[in-house]
Amino acid sequence: MVRYNPAEIEAKWAKKWEKEKAWEVDLEKAQKPYYNLMMFPYPSAEGLHVGNVYAFTGADIHGRFRRMQGFDVFEPMGFDSFGIHSENFALKKGTHPKEQTAKNITNFTQQLKTLGALFDWSRAVTTSEPEYYKWTQWLFLQLYKAGLAYKAKAPVDWCPSCKTVLADEQVIHGKCERCDTQIVQKELEQWFFAITKYAERLLKNLETIDWSERTKIAQRNWIGRSEGALLKFEIRSTKSEQYIEVFTTRPDTLFGATYMVLAPEHELVGKLKDSIENWGEVEKYINGAKQKNELERTELEKEKTGVELKGIKAVNPANKQEIPVYAADYVFASYGTGAVMAVPAHDERDFEFAKKYNLPIMQVICGDYPEQTCPALKEAYTGPGNLVGSGKFDGMDSEEAKAKIVEFAKGKLTTTYHLRDWLISRQRYWGPPIPIIYCRRCWEIRNSKFEIRNFKEGIDYIFINGKEHIIVPVPEKDLPVELLYVENFRPEGSGKSPLANVPEFVNTTCPQCGGAAQRETDVSDTFLDSSWYYLRYPSVGFRNSKFEIRNSKQIQNTKSKTVELPWNTEITGKWLPVDMYIGGQEHAVLHLLYARFITMALYDMGFIAFEEPFQKFRAHGLITKDGAKMSKSKGNVVSPDEFVAKYGADAVRCYLMFTGPFSEGGDWSDKGIVGVSRFFNRVWDFLQHEGKNLQSGEGLEQLRHKTIKKVTEDLEQLHYNTVVAGLMEYFNAFSGNSTVSLQDAETLLLLLAPLAPHLTEELWEQLGKEGSCHNKQWPSYDVDKIQEETFRLVFQVNGKPRDVVEVETGISEEGAKKAALGSEKVQKWLAGKEPKRIVVVPGKLVNIVV
RNA sequence: GCCCGGGUGGUGAAAUCGGAAAACACGCAACACUCAAAAUGUUGUGAGCGCAAGCUCUUGAGGGUUCGAGUCCCUCCCCGGGCACCA
């Protein structure tokens, strides 16, 4: 057995490929552009782990396969190096994120280069570079100018450990996505992106893209569309006339609404203060609710609490009955209208609440109409049925009644979504400063000219220390707003970024009036950095295009006529949208949703010609260690380095792919890799001994064509584990087989090339072949050559296999029957009984039923 | 609670247009090579019974449909993930 030395040959080819820029693709002249994208990593100090290698290898195999199929594959790589993850690490280590990041990137790059992937290093992108984040800031400005960014005071999620606010998507079960700390609610003024304006499109467009179904489902759930109606309830109070508007998905149950509930934060509660007889009690309840964090409030097992607003009554618009009004924290201010009509008979929560506070429960839907036996309900009936106790609607089907009752009660049909606006400001240091300036002088100038009448708070001006300040976007020509090097970047928890302590950053000159002004000191969310990186990659090295603004409706608040874009329009038109995107399922409602939103917004501004960034997306599975998710805290992170050194990158690649279906992931075992390594050594050994003697010829023609078919189809589906198995099976037929031909060996190398690029390249050279095997055409198969002349026909008696014979492929049904009845074993099992029925499955079996 | 996956040998897993379950590997055992070990090679390896030919059982549990079910239907259990007092 001649073993191969992976370290030696991998180094040899890595060097050669780097020198020849083997990955290079001419982005301008490419005939069949194929943008093969994978989620770029954040360069952690620990370096690459096998989970990264798994993801990248799966994506790279796809790219290499497409390339051999004749596509011009562009496979970029970069670093998501800005943001809280990098900063937290630097804090822990006592280093500065700037230096730490540079170090990490160097290390990562070196590791990535050993993997043998087609990464185009000439177009790498690093999100923390001013050259990049200048455009992240630009993106913020475009959204601002399009009316999609606004500053608002709202109850937001605050992580006490990270000392910053977080987006809704970054709160997992009430805990911080990054550090697992329990979040708290704070009322703070923050920047938001109006992603909710795109809720319907984000949902609808899912139909048009080829994505892993589970990723689409996760997005659908997150967007959380629900159809219902808005209904108005008049309030009878002693002092004022008001309405409570509610959102409901069950307007058909309106007659059963026996009380109402307002969220404790609902503005009406305060407005009705003078009419509320028990204000002291109510105020106490509200203050109590405010102090609970979201997790406490949403605790399912928790008993419901609430307080009646005494002196206030609402009128059910259906039956004009006066019903009581409560404030209770099981209703959220942030969803629907922040108020609900309570129908205890047909809603579990309302039922529980009504029981506790002894409120009437009135059944208005009957599941088994007309036999309505309506004893006191033991639990809420939430299913469909026919209406009862609903006046002229009695007997009507509940589905049908929905629209009818909405009309009757003068409400309106509507749709709401769970999706919330994207909170993008962070009170941290390591991110792109939000390119906004606040100017008091501008306000004074405009006020004196009466120009401020139509200004909107949050979009045109904000209050700082109780005084209005105009929001002035930093002019594009002044970008980037550079992140100053600050020694003390530690977040303080004051609700402000550490940049707020740096006067030379904060104090600036207003670009509009030239007066003294202050900068926004928050930075933007990391997910903004990664929401557009795929747009940048292909344009690296090309001149940015200018965009002429014709339609001022799309971009407001701008005086300039042209905008410089962060990309080249021609190149972008040619390469985008992305043909294949491969990444982790964990970003289903984070990165993937944000990226879609940003792309849609840019499309609406006219900057790009497509709405969806990723035509095809496939989620890969997770690599675990001993069944557990790898994490620094558990200390079970596996680095590929040791295994690459010992077995070679090819073996690591191939083993990872072999461990299970790519979409499912698998468990890393230190031992499993030897199987693949042995396989490679046997291939190596075989070609050392037989390589020179191989002759052209049919060889293992049938198996060869079968294997090409299987491997091609499985690669197409990303079923890499069976690709490896298929190749092993094919090669197993080589051993001791003197008929193996040159074509057999060549085909093996070509089919294996995407998985084990170094080994195959070396053996290709040793076979004396011209050029690189990676530039060769992908092998094709001939269906005729796969046809078997004979096959194994199974005979069953009563469904149990009893015999098998080799018969000619074209055998007739009659012939098959005859053969079956002619079998001794079959006869033995028939034991003289007359067959009742004979089932013939052509090409498979004959089943004799007695 | 709802929505997705998934449950197959000692292990990772194949096989889902219903047609010999366990391909391909790992591990294990025996043998060969070796002074020995490692490496490598050969053979065997789902369970049970049997000297053997062979037979029976077997894809989380239980029912069903079918000539025939890992695959389809129903009920339930377990594991992983997502959502969750969303009106």
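Sequence lines set the chain letters: A, B, ... in the order given, protein chains first and strands last, and positions in each chain run from 1.
Distance Trp222(A) CH2 to A84(B) C1': 11 Å, rounded to the nearest Å. For Lys629(A) and C79(B), the NZ to P distance is 19 Å, given to the nearest whole Å. For His620(A) and G80(B), the NE2 to P distance is 21 Å, given to the nearest whole Å. At whole-Å resolution of the value, CD in Glu169(A) and P in C83(B) are 10 Å apart. Here A20(B) presents its C1' atom at 13 Å from CZ of Phe791(A), a figure rounded to the nearest Å. As a whole-Å value, the separation of Tyr326(A) OH from C85(B) P is 23 Å. Atom CZ in Arg214(A) sits about 14 Å away from atom P in C83(B), given to the nearest Å. When the P atom of C83(B) is taken as reference, atom OH of Tyr335(A) falls 16 Å away, rounded to whole Å.
Across the strands present, G5(B) finds its partner in C79(B); the criterion is a Watson-Crick or G-U wobble pair with both atom distances under 3.5 angstrom. When both distances must be under 3.5 Å, the Watson-Crick or G-U wobble mate of A22(B) does not exist. Summarising the base pairing, U66(B) is matched to no nucleotide, lacking a Watson-Crick or G-U wobble pair whose two defining distances lie under 3.5 Å. Using Watson-Crick or G-U wobble geometry with both donor-acceptor distances under 3.5 Å, C33(B) finds no partner in any strand shown. A13(B) makes up no base pair with any nucleotide shown, lacking Watson-Crick or G-U wobble contacts both under 3.5 Å. Applying the Watson-Crick and G-U wobble criteria (two distances, each under 3.5 Å), A53(B) pairs with nothing in any strand. In a base pair of the Watson-Crick type (N1 to N3 plus N6-O4 or O6-N4) or a G-U wobble (N1-O2 and O6-N3), with each distance short of 3.5 Å, C28(B) is matched with G44(B). Pair check for U71(B) finds none; no Watson-Crick or G-U wobble contact set falls under 3.5 Å.
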May I have the list of side-chain donor-acceptor pairs in residues 651-664 of chain A shorter than 3.5 Å, sequence neighbours left out?
| from | atom 1 | to | atom 2 | distance (Å) |
| --- | --- | --- | --- | --- |
| Arg653(A) | NE | Leu755(A) | O | 2.9 |
| Arg653(A) | NH1 | Asp60(A) | OD2 | 3.0 |
| Arg653(A) | NH1 | Leu115(A) | O | 2.9 |
| Arg653(A) | NH1 | Gly116(A) | O | 3.3 |
| Arg653(A) | NH2 | Asp60(A) | OD2 | 2.8 |
| Arg653(A) | NH2 | Pro754(A) | O | 2.8 |
| Tyr655(A) | OH | Ser669(A) | N | 3.3 |
| Tyr655(A) | OH | Ser669(A) | O | 3.4 |

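The stretch residues 245-260 of chain A touches RNA chain B through Phe247(A), Thr248(A), Thr249(A), each having a heavy atom under 4.0 angstrom from the strand.
Candidate nucleotides A87(B), U40(B), G19(B) were compared by shortest atom distance to the side chain of Val839(A), and G19(B) ranks first. Of the listed nucleotides (A20(B), C67(B), C85(B)), C85(B) has the atom at the smallest distance from the side chain of Phe332(A). Taking only side-chain atoms of Arg802(A), from C-beta outward, the nucleotide of C4(B), C55(B), C57(B) with the closest atom is C55(B).
Between the side chain of Gln585(A) and the base of G81(B) there is no donor-acceptor pair of N/O atoms closer than 3.5 Å. For C83(B), its base never sits under 3.5 Å from the side chain of Asn221(A) at any donor and acceptor pair.
The main-chain N or O of Asp685(A) is found under 3.5 Å from a side-chain atom of His689(A) such that the two form a donor-acceptor pair. Remark: side-chain polar atoms of Lys356(A) are paired, donor with acceptor, to backbone N or O of Lys304(A) under 3.5 angstrom. Panel note: side chain Asp714(A), backbone Tyr720(A); no donor-acceptor pair is recorded below 3.5 Å.
Partner of Glu713(A) under the side-chain hydrogen bond (donor to acceptor under 3.5 Å, both in side chains) criterion, chosen from Gln717(A), Lys710(A), Lys709(A): Lys709(A). Considering Leu262(A), Val325(A), Val307(A) as possible partners of Val269(A), the one that fulfils the side chain to side chain contact (heavy atoms under 4.5 Å, CB included) test is Leu262(A). Among Phe680(A), Tyr4(A), Phe734(A), the single residue meeting the ring pair (Phe, Tyr, Trp, His ring centres under 6.0 Å) criterion with Phe686(A) is Phe734(A).
Outside the 6.0 Å centre-distance limit, the rings of Phe233(A) and Tyr243(A) are not counted as a close aromatic pair. Residues Tyr417(A) and Trp222(A) keep their aromatic ring centres 6.0 Å or farther apart.
Distances shown here put every side-chain N or O of Arg349(A) at or beyond 4.0 Å from the OP1 or OP2 atom of A87(B). Within the 4.0 Å cut-off from OP1 or OP2 of C57(B), at least one side-chain nitrogen or oxygen of Lys800(A) is found.
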All N/O pairs under 3.5 Å across the protein-nucleotides 22-25 of chain B interface:
| from | atom 1 | to | atom 2 | distance (Å) |
| --- | --- | --- | --- | --- |
| A23(B) | O2' | Glu729(A) | OE2 | 3.1 |
| A25(B) | OP1 | Asn732(A) | OD1 | 3.3 |
| A25(B) | OP1 | Asn732(A) | ND2 | 2.6 |

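With its glycosidic angle within 90° of 0, G9(B) adopts the syn conformation.
Within the 4.0 angstrom heavy-atom criterion, only backbone atoms of the sugar-phosphate kind lie near Val849(A); the bases stay farther away. Among the protein residues, Trp829(A) comes within range of the sugar-phosphate backbone only, with heavy atoms under 4.0 Å from sugar or phosphate atoms but none that close to a base.
A cation-pi arrangement, defined by a distance under 6.0 Å to the six-membered ring centre and an angle within 45 degrees of its axis, is absent between Arg220(A) and Trp211(A).
In this structure, Lys836(A) does not pair ionically with Glu834(A), as no charged nitrogen and carboxylate oxygen lie closer than 4.0 Å.
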- [ ] Show the numbers, then the answer: is there a side chain to side chain contact (heavy atoms under 4.5 Å, CB included) between Leu715(A) and Ile61(A)?
- [x] CA-CA 8 Å; Leu715(A) 280 175; Ile61(A) 289 170; 3.7 Å; yes
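Mapped onto RNA chain B by nearest heavy atom, Val794(A) and Pro661(A) fall at different nucleotides, with Pro661(A) at the one closer to the 5' end. Mapped onto RNA chain B by nearest heavy atom, Gly666(A) and Thr337(A) fall at different nucleotides, with Gly666(A) at the one closer to the 5' end.
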